[in-house]
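Reading through the structure tokens given below for one structure.
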Amino acid sequence: MRVKKAVIPAAGYGTRMLPITKAQPKEMVPVVHKPVIQYVVEEAYYSGIGDILIITGKGKRAIEDHFDRSDLPKKDKYTEELDKILDEVNIFFVRQREQKGLGDAVKYAEAFVDDEPFALLLGDTITFPPCTKELIQVYKKYKTSVVAVEEVPLEKVSLYGIVKCREVEDSVYLIEDLVEKPSIDEAPSTLAILGRYILTPEIFECIRETKPGKGGEIQLTDAMRILNTKERMYAYLFKGKRYDIGNKLDWLKANIEMALDDAEVGEGIRELIRSIEV
Ligand code: UTP
């Protein structure tokens, strides 16, 4: 079955980005020319997705406004590009009633997904080139859930969901187990889940079976752990760039690195960096 739908959870508090996120969603934080969530929607579109569900919640209305077609008298090229995308994809919204974790947020997508495999893209994470496009290729071959991972330094494993797995072909691993935010001693590898997934609809039953985990929240990794006992799951080692805009250092890095590559501001930023003495 083709992957035609994408789900973008964007309901988390964003406490690591305070006070920037005190009165605006973290998904609306700018990276060079665009808010984060626009990159995520564009990734879904350029990966061949036609229907997108964004899961919002308290304090997130600006996200819905951003995806209205623009009625500005004059538009820039980024607004025009988004309008073109809005002509071609359907964007739906649903509100997570309480911030009870990523697993709980995904549960709200069940009716939308309707028994098809779907792409899941965290609304606060940017990938280049579009990771979802690569995951869909892996899904086409293995026809089961695939989760994108990246190598992280050992001292950072406790910030991520970590997979235990064995390689079956270049960059593709069969998952044996998953652990949410393990200590260094508990970590079965340094392959961390980065926020892009293709999931089968069986995940919803697994979420229902999942008890609240770390922080009293329903963790998606715990639900995926249950899914892994029912069907094969694969991990795909993504070799592109990934920025978690939910933390300030990654957000600043994303702005600098992406600005350096930008036709409009790249030269000015290069000049600035050359002039700074550190
Ligand atoms: P995070 O782990 O970054 O949590 O969520 P958070 O609450 O958004 O941020 P902090 O820790 O307070 O800074 C990972 C993804 O899951 C979504 C977030 O929007 C983000 O895309 N999420 C998380 C929800 O949609 N709902 C939740 O209840 C929790």
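Just so it is clear, the values below take in all heavy atoms, side chains as well, and ignore hydrogens, waters and symmetry mates. All ligand and atom numbering here is 1-based and tracks the order in the structure. Residue numbers start at 1 and run along the sequence shown. All values derive from a computational prediction rather than experimental measurement.
Counting heavy atoms of neighbouring residues, nucleotides and ligands inside a 6.0 Å radius, atom NZ of Lys156 does not exceed 12 of them. Within 6.0 Å of CZ in Arg208 there are more than 12 heavy atoms belonging to other residues, nucleotides or ligands. Counting heavy atoms of neighbouring residues, nucleotides and ligands inside a 6.0 Å radius, atom CZ of Arg166 does not exceed 12 of them. Residue Lys77 qualifies as open at atom NZ: its count of foreign heavy atoms under 6.0 Å is 12 or below.
Rounding to the nearest 0.5 angstrom, the gap separating the CD1 atom in Ile207 from the OH atom in Tyr108 is 11.5 Å.
Glu169 and Tyr142 share a donor-acceptor pair across their side chains, judged by distance under 3.5 Å alone.
Note on Asp222 versus Arg225: no salt bridge recorded, every NZ/NE/NH1/NH2 to OD/OE distance being 4.0 Å or above. Remark: Arg16 does not engage Asp250 in a salt bridge, criterion side-chain N to carboxylate O under 4.0 Å.
Nearest protein heavy-atom contact of atom 18 (C) of ligand 1 is Gly12 N, 3.6 Å. Looking at atom 14 (C) of ligand 1, its nearest protein heavy atom turns out to be Leu122 CD1, 4.1 Å. In terms of protein heavy atoms, atom 7 (O) of ligand 1 is closest to Tyr13 N, 3.1 Å. Residue, atom and distance of the protein heavy atom nearest to atom 25 (O) of ligand 1 are Ala11 N, 3.0 Å.
For Asp124, the heavy-atom gap to ligand 1 drops under 4.0 angstrom. Under a 4.0 angstrom heavy-atom cut-off, Lys26 registers as being in contact with ligand 1.
Ligand-side atoms of ligand 1 in range of Ala105: 24 (C), 25 (O), 26 (N), range being under 4.0 angstrom from any heavy atom. Those atoms of ligand 1 that come under 4.0 Å of a heavy atom in Gly123, given as number and element, are 21 (O). Close contacts of ligand 1 with Gln96, meaning ligand atoms under 4.0 Å from a residue heavy atom, involve 24 (C), 25 (O), 26 (N), 27 (C), 28 (O). Close approach of ligand 1 to Thr15 (heavy-atom distance below 4.0 Å) involves ligand atoms 10 (P), 11 (O), 12 (O), 13 (O). For ligand 1, the atoms sitting less than 4.0 Å from at least one non-hydrogen atom of Gly101 are 26 (N), 27 (C), 28 (O), 29 (C), numbered in the order shown with element in parentheses. Of all atoms in ligand 1, numbered sequentially from 1 with element shown, those under 4.0 Å from a heavy atom of Glu27 are 19 (O). Residue-ligand proximity, Lys100 to ligand 1, at heavy-atom distances under 4.0 Å covers atoms 28 (O).
Note that Lys5 lies in the cation-pi zone of Phe112, set by a 6.0 Å cut-off to the ring centre and a 45° limit from the axis.
Ring geometry for Tyr78 against His33 counts as parallel: the plane angle stays under 30°, on a 0 to 90° scale with 60° as the upper cut. Between Phe93 and Phe67, the ring-plane angle classifies as tilted under the 30° and 60° cut-offs.
Where the criterion is an N or O separation shorter than 3.5 Å, residue side chain and backbone included, Pro9 meets it with respect to ligand 1. For ligand 1, the polar-atom distance check against Arg16 finds a nitrogen or oxygen pair separated by under 3.5 Å. Taking any N or O of Ile55, backbone or side chain, none lies under 3.5 Å from an N or O belonging to ligand 1. An N or O contact shorter than 3.5 Å is missing between Leu102 and ligand 1 by distance.
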